[in-house]
There are 2 protein chains.
Amino acid sequence: MISLTEENYLKALFNLANNAGEVNVNELSKQLDIKMPTVTSMMKKLAEKKLVHYESYKPLRLTEKGKKEAALVIRKHRLTEMFLVDKMGFGWEEVHDIAEQVEHVRSAVFFDKLDELLGFPKIDPHGAPIPDKNGKFAWIAYDKLSDCHAGETVKVSAVIHTSSEFLKFLNNREIRLGTKIKIKSVESFDGSMIVSYDNRPADTLTHTVCERLLVEKTK
Amino acid sequence: MISLTEENYLKALFNLANNAGEVNVNELSKQLDIKMPTVTSMMKKLAEKKLVHYESYKPLRLTEKGKKEAALVIRKHRLTEMFLVDKMGFGWEEVHDIAEQVEHVRSAVFFDKLDELLGFPKIDPHGAPIPDKNGKFAWIAYDKLSDCHAGETVKVSAVIHTSSEFLKFLNNREIRLGTKIKIKSVESFDGSMIVSYDNRPADTLTHTVCERLLVEKTK
DNA sequence: ACATTTTGTTAGATGAATCTAACATTGTAG
DNA sequence: CTACAATGTTAGATTCATCTAACAAAATGT
């Protein structure tokens with residue numbers, strides 16, 4: 001049995017993992033707002049349970065079992081977010097905190113029902129993939145808007161950093177999943193972009209914003 | 001701040017209270033499946049927080065503050081049950097265990113939204129009243145079916161003991177809220193009733209069943 | 001390359017919620 | 001009315017998740 005606390009550590013480990021699947025104790029400590037010694041001792045416990053590979057002074061890595069369990073928590077989180085937006089009428093900027101709570105509900109039938117009512121969605125309201133019941137992700141290779149070039153037209157497909165502040169900013173600019181953005185020009189010195197979309201006047205998006213928007217190129 | 005554990009003690013105290021509002025340590029211990037010494041120490045803690053009146057060897061009583069907090073937990077529980085049945089398609093026998101988990105979600109907007117989507121319901125799927133946001137109950141005075149007499153026709157308005165087994169039994173007999181039951185006769189030696197409803201063949205309901213059905217007399 | 005900063009670990013304490021064993025009070029049945 | 005049963009409390013231990021203080025290792029910068 002995996003406790004609520006352990007679920008939170010697994011989810012954070014999964015979300016923080018770099019290309020090599022590695023996470024530092026310090027990063028994890030900051031992410032969870034829990035002191036490093038506590039993190040170290042929890043990592044030893046999760047290593048006992050075969051959920052994490054742990055060696056002193058080495059970066060942390062989830063085991064295959066750990067990745068699966070993390071994916072199942074993320075599945076519960078994202079199904080909840082999708083339900084809150086699609087079926088309950090919440091805005092995409094409101095659902096993260098509620099889903100953080102609901103994701104710990106222990107009832108397979110409950111999440112199966114959410115899944116069914118939603119028509120077995122593959123992505124959540126922020127464009128992130130929803131793992132299947134075996135913890136498998138259907139990864140889609142999007143580009144960051146910041147890696148695109150002037151003249152291209154792209155479709156917003158997902159947002160990274162789903163903080164309420166950032167999402168409210170996007171609401172104000174009327175940018176949502178599916179919005180088609182035409183890149184007019186890119187400032188080389190700060191990476192900001194002048195863009196237009198939806199018949200709105202041309203607008204500037206800072207590099208920070210462009211890095212957080214994942215897009216698909218349209219032909 | 002009231003912890004999840006404390007919420008469970010308050011809810012149990014509220015549900016077990018007799019006419020005088022009193023509960024014994026032993027009953028509470030059995031209800032929660034927690035040993036008596038643990039209950040005693042939690043009662044001292046809740047007394048510190050002014051949620052319970054506690055004196056050694058005396059029955060337990062919720063304070064007004066304790067009653068209100070208990071009612072707010074019960075509100076979250078019953079709104080959740082209503083949503084699970086009305087909006088998600090669960091059977092009334094499935095929702096108790098799920099609601100036990102969801103009731104601990106800390107998000108006022110979430111429960112306000114449930115309330116709104118349900119059209120501010122006054123009763124839950126088992127006919128129990130849903131307290132308002134101030135913890136006030138709109139009590140309705142129903143009769144137990146077991147207190148009714150031969151010849152009367154009554155409408156099922158609520159069920160006590162919402163265990164899944166009992167509710168499945170009612171499902172099998174096609175008894176639900178609103179079912180109109182005609183009492184053909186009552187066996188004086190064991191209190192069982194011969195009844196008919198919905199054009200079904202006459203059927204016997206044991207005293208145990210009749211005690212758990214709350215009804216309104218129809219003219 | 002060595003001194004300093006950053007990162008990570010060990011040791012020991014704390015608070016919440018639980019337990020068992022032993023003792024105390026209350027209720028009840030001859 | 002007394003003895004036994006039922007109920008309730010005290011004392012002390014345990015587990016989980018957290019902390020602080022002190023120490024150790026690794027990374028970094030001049």
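Numbers restart at 1 for each chain; the letters A, B, ... are given by sequence-line order, proteins then strands.
- Classified by interplanar angle (parallel below 30°, tilted 30° to 60°, perpendicular above 60°), the ring pair B:F83/A:F83 is perpendicular.
- Evaluation of the ring pair (Phe, Tyr, Trp, His ring centres under 6.0 Å) test over residues 44-78 of chain B, restricted to residues two or more places apart or in two chains, returns B:H77-B:H96.
- Within 6.0 Å of atom NZ in A:K50, 12 or fewer heavy atoms from other residues, nucleotides or ligands are found, so the atom counts as exposed in its surroundings.
- Residue B:K58 is out of contact with every strand shown, counting any heavy-atom pair closer than 4.0 Å.
- Within the structure, a side-chain polar atom (N or O) of A:Y54 is placed less than 4.0 Å from OP1 or OP2 of C:dT9.
- DNA chain D is contacted by B:N24, B:V25, B:N26 of residues 5-29 of chain B, taking any non-hydrogen atom closer than 4.0 Å.
- Here the P atom of nucleotide C:dG8 and the CG atom of A:L60 are 8 Å apart, to the nearest Å.
- Counting to the nearest Å, the P atom of D:dT15 and the CE atom of A:M42 are 16 Å from each other.
- Considering B:D124, B:L114, B:V95 as possible partners of B:L84, the one that fulfils the side-chain contact (heavy atoms from CB on, under 4.5 Å) test is B:V95.
- Residue A:T40 places at least one side-chain N or O closer than 4.0 Å to OP1 or OP2 of C:dT9.
- Checked by atom type and distance alone, the side chain of A:T80 never pairs as donor or acceptor with a backbone atom of A:E103 at under 3.5 Å.
- One can place CD1 of B:I34 at 12 Å from P of C:dT20, the figure rounded to the nearest angstrom.
- Of the candidates D:dT7, C:dT10, C:dT7, the closest approach to any side-chain atom of A:K30 belongs to C:dT7.
- Here the P atom of nucleotide D:dT15 and the CD atom of A:E48 are 14 Å apart, to the nearest Å.
- Judged by distance alone, the side chain of B:R75 and the main-chain N or O of B:P131 form a donor-acceptor pair under 3.5 Å.
- If you measure from atom CD of B:E55 to atom P of D:dT9, you get 11 Å, rounded to the nearest angstrom.
- A straight line from NZ of B:K35 to C1' of D:dT14 spans 15 Å, rounded to a whole angstrom.
- With hydrogens and angles disregarded, a donor-acceptor distance shorter than 3.5 Å links the side chain of B:K65 to the backbone of B:K49.
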Legend entry - Sugar-phosphate or base contact per nucleotide [nucleotides 21-27 of chain D; S, B, -; heavy atom under 4.0 Å]: B--BS--
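- Counting to the nearest Å, the C1' atom of D:dT18 and the CG atom of A:L4 are 15 Å from each other.
- Between the A:S29 side chain and the A:I34 main chain, a donor and an acceptor come within less than 3.5 Å of each other.
- Looking at A:E93, its side chain never comes within 3.5 Å of a backbone N or O of A:L167 through a donor-acceptor pair.
- Here A:S3 lies in heavy-atom contact (under 4.0 Å) with sugar-phosphate atoms only.
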